[in-house]
Amino acid sequence: MSHFFAYINRMRFINRWALMRNSYTENIQEHSHQVAVLAHALAVIRNRCFGGCVDEGAVAVAALYHDAPEILTGDLPTPIKYYNPQIRDSYKQVEYVAEDKLLHMLPRELQGDYEEVLRPSDEQVQELVKAADKLSAHIKCLEELKAGNGEFRAAAEQTRAALDKMDLPELKYFCENFLGSFALTLDEME
């Protein structure tokens, strides 16, 4: 009996932003869905507007699973995860071990397919999932600020700077055409 999908189903129990006071909680299952939507959009924009040829489906699927190791490791807050190179590299090793454990929960004949999902080899897929992950974090900050939660002000500035530093044309396109709506109320979007 394989426990892989039962573990994946538990993504909803791992909350994000543990060090911050949140106006609403966000778990890694919700986050992964949003990252998949955003990563897919970035892939479509890259392909349609900037002459790319990335597999949009592969990007979306990799995004759905990008935080799956956190089922086993928990969500380590960004300031801790990236505090210094030793912690960052050690945590990457922990994530690799968690990915390995998840992969070995699958029947042998499925492991190769899911290894590509958990550890995508295509650098474009990796790049777009990373951009979408950071974009999702920035959107969370915008939503918290919209709700009057000033605790996310510095995080909003940091995530926006990180997005700008990525210097991806599809990310810039998304920000120029779609990002502003996330700071609006429902009535303001009418």
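Side chains included, hydrogens not; waters and symmetry mates left out as well; all remaining heavy atoms used.
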**OP:** Check ring pair (Phe, Tyr, Trp, His ring centres under 6.0 Å) between F13 and all other residues, then give those that pass, not counting sequence neighbours.
**Re:** none
**OP:** Could you tell me whether a side-chain N or O of S32 sits under 3.5 Å from a main-chain N or O of Y65, the two making a donor and an acceptor?
**Re:** no
Subject >> Atom of R21, atom of E151 and distance for their closest heavy-atom approach >> reply: N-OE2, 3.2 Å
Original post:
Side chain of H138, backbone of L135: donor and acceptor closer than 3.5 Å?
Top reply: no
Original post:
Knowing that exactly one of V117, V59, V61, D55 qualifies, which makes a side-chain contact (heavy atoms from CB on, under 4.5 Å) with V125?
Top reply: V59
Original post:
Are the side chain of S136 and the backbone of A132 linked by a donor-acceptor contact shorter than 3.5 Å?
Top reply: no
Original post:
At their closest point, which heavy atom of F4 faces which heavy atom of L102, and how far apart are they?
Top reply: CD1-O, 3.2 Å
Original post:
Under 3.5 Å, side chain of N47 to main-chain N/O of V54, donor-acceptor pair present?
Top reply: yes
**OP:** Measure from NZ or CZ of K146 to the centre of the six-membered ring of F152, then state whether that distance is under 6.0 Å and the direction lies within 45° of the axis.
**Re:** no
**OP:** Determine the minimum heavy-atom distance between Q34 and F182, stating which atoms define it.
**Re:** NE2-CE2, 4.5 Å
Subject >> Check: H40 side chain, A36 main-chain N or O, donor-acceptor pair, under 3.5 Å >> reply: no
**OP:** Output all residues satisfying ring pair (Phe, Tyr, Trp, His ring centres under 6.0 Å) with Y173, sequence neighbours left out; order by chain, then residue number.
**Re:** none
**OP:** Could you pull out all residues at least two apart from F178 that satisfy ring pair (Phe, Tyr, Trp, His ring centres under 6.0 Å)?
**Re:** F174
Original post:
Judged by atom type as modelled, is there a donor-acceptor pair below 3.5 Å linking the side chain of E116 to the main-chain atoms of S121?
Top reply: yes
